[in-house]
Structures are given as C-alpha cells and as structure tokens.
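Input: a single structure, listed below in structure tokens.
Below, each value reflects all heavy atoms present in this structure, side chains not excepted, and no hydrogens, waters or symmetry copies. Start at 1 and go down the list; that is how both ligands and their atoms are numbered.
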Amino acid sequence: MFIEVTGLKKGYTTGEVRTEVLKGVDLQLEKGEIGVILGPSGSGKSTLVNIIGGVDRSDGGSVMVDGTTVTSLKDVELTEYRRENIGFVFQFYNLVPNLTVGENIEVCANISTAPLDVDQVLASVGLLDKKDRFPRELSGGEQQRVSIARAIVKNPKLLLCDEPTGAVDFETSRSILALLQRINTDFGTTILMITHNTAISGMANTVFRLRSGAVVERVRNKETLPAE
Ligand code: ADP
Ligand code: ADP
C-alpha cells in the first residue's frame, strides 16, 4: 500500500476549548492511483492532507507513505521527506507574486534532488510562452497550471491537491482536472485530492467521504481501475 493512514488523530486547543479534528482516520491508496477526499467544510480534510504531506503533526495514529512512517520522523527528516516526495497544489495557487512564472518554478527545482527541466514542465502545462510573466498577469486557471508545474518539477511521488479547482470557473476546472489526470497517467504520480465538487469523484480510483473527523464512506470506482 502506497499510503496507509491508520487511526489518525489530531486536535487543537484554542484558549480553553479543545477540538478533536481527526478522530481516528483510516485511509489507504495504492501507488499510481487517484484518491479523492470529499466532505463538508471543517470536517478535517486539510488537516489530514497536511499531516500526510508532512506540514503538520498528528497526536496519534500513523501515516505511512511508500514505506516511510511519516508520523515517526524527526523535524529535519520530515522536511527532507516533504521536499523529496511531495508536491502541493492549493486552492489559491500560493505563487510568489514578485517572481516570474519561470522563477516560481525554479525556486522549487533548485531544492530538489531530481529536477525536471523548467521549460519542459512549463511546456507540459501549456504555458511556456508565459515563462517571463508575473502571476498577476495570468488568469486564475493559468496561475493554477503554474502551481501544478511547480509541484511536479521535482517529480514527486505524491501530489497533494487541496481544492485545486475551488477558485476557478467550471470550464477552467475541467482543464485543471484533465491536466492532473494526464500527470497521473504520464508520470505515474499518485494523487490525493480534496474537493467539494462531487463531479470530480469520477476520475478517482477511491473516494473517501470525511465527516466530523472520520472517514464515513469509501467508494472504489471499478471502471477507473487500470487494466491488469
Ligand atoms: P476542512 O479542510 O475539511 O475544511 P480543516 O482540516 O481545515 O477542515 O479544519 C478542521 C477543523 O480544524 C476546523 O474546525 C478548523 O477551524 C480547525 N483548525 C484547523 N487548523 C487549525 C489550527 N491551526 N488551530 C485551530 N484550529 C484549527
Ligand atoms: P479563470 O477563468 O482562469 O478563472 P479569470 O479570467 O477569471 O481566470 O481571471 C482571474 C484573475 O486574473 C482575475 O482577477 C483577472 O482580472 C486576472 N487576469 C486575467 N487575465 C489577466 C491579464 N492578462 N493580466 C492581468 N490580470 C489578469
């Protein structure tokens, strides 16, 4: 199993109030698959994905990714795990505004062990001609494609997407999803994606429905399974 989340727990204390956000989450995803996490706002989707990606810590339970027990790593090991294995795509792109498109991607290519070519990766998202533009000069959909290029330039084993189509219109969201699907097919990148959009669930191998900090439903899409 490529991702194996077992009994994952996480809570926050704000003032006197303790909130249990994840109350024992179990989730599994095979290598090369696409997993989609559905669930209402506040159900713990981002928290779960952040712990899998090594940007947040759990309080209990375990996360294994490709044989690494992420939840046991020391801080410096966690940073290394994240840099070498994980690409992130966020709802609002998180591009650096005063760097060009090309520079936004280079920043990530430089810290990686096996960088793809910046031009190659921009061409693969159809934006090589925008390399010297600034993010503000691009449409929302284009900025998201840049952020996807930035996420894949280091050829991550796992691409984590937190509402990647949450800020773009319907047509644009279709092209973003098609791009993610192509990355999955071409590079064999495992993708775990949070969404509110139930229409997206068709492209997933497995759909996980989160409610109040637990997986309450798990649907395996047989028709999207690769041929044996
Ligand atoms: P979702 O992604 O499903 O909307 P989140 O994982 O973002 O859910 O958040 C789940 C709950 O945890 C929310 O109630 C949120 O307010 C709370 N939460 C998330 N991060 C923090 C934090 N750093 N401190 C306190 N509460 C947090
Ligand atoms: P999408 O259709 O991809 O969601 P939009 O066309 O709605 O994106 O544009 C998203 C944002 O980018 C808007 O704030 C828009 O004003 C801005 N924008 C789009 N194209 C340009 C451009 N060529 N120069 C500057 N800003 C732009």
Counting only heavy atoms on the protein side, is anything nearer than 4.0 Å to atom 15 (C) of ligand 1? no
Relative to atom 10 (C) of ligand 1, which among V21, D162, T14 owns the nearest non-hydrogen atom? V21
How close does the nearest protein non-hydrogen atom get to atom 19 (C) of ligand 1, and which residue and atom is it? Y12 CE1, 3.4 Å
Under a 3.5 Å distance rule, please check whether K45 uses its side chain to pair with a backbone N or O of P40 as donor and acceptor. yes
Do N50 and T47 get their side chains close enough for a donor-acceptor pair, meaning under 3.5 Å? no
Tell me whether ligand 1 is touched by G42 - counting only heavy atoms on the residue side and a distance under 4.0 Å. yes
Which residue in the set K130, R136, K131, R133 passes salt bridge (Lys or Arg N to Asp or Glu O under 4.0 Å) when paired with E142? K130
Please could you name the atoms of ligand 1 that T47 approaches to less than 4.0 Å, counting only its heavy atoms? 5 (P), 6 (O), 9 (O)
Of all the atoms in ligand 1, which lie at a distance below 4.0 Å from a heavy atom belonging to S46? 1 (P), 2 (O), 6 (O), 7 (O)
Tell me the nearest of S41, P40, G44, G11 to atom 8 (O) of ligand 1, using heavy-atom distances. G44
Yes or no, since that's all I need: does a protein heavy atom fall within a distance strictly under 4.0 Å of atom 3 (O) of ligand 1? yes
Residue pair T13 / R18, side-chain donor-acceptor N/O under 3.5 Å: yes
Could you tell me whether the side chain of R218 reaches within less than 4.5 Å of the side chain of V207, counting heavy atoms only? no
Can a donor-acceptor pair be found between the side chains of N184 and T189 at a distance below 3.5 Å? no
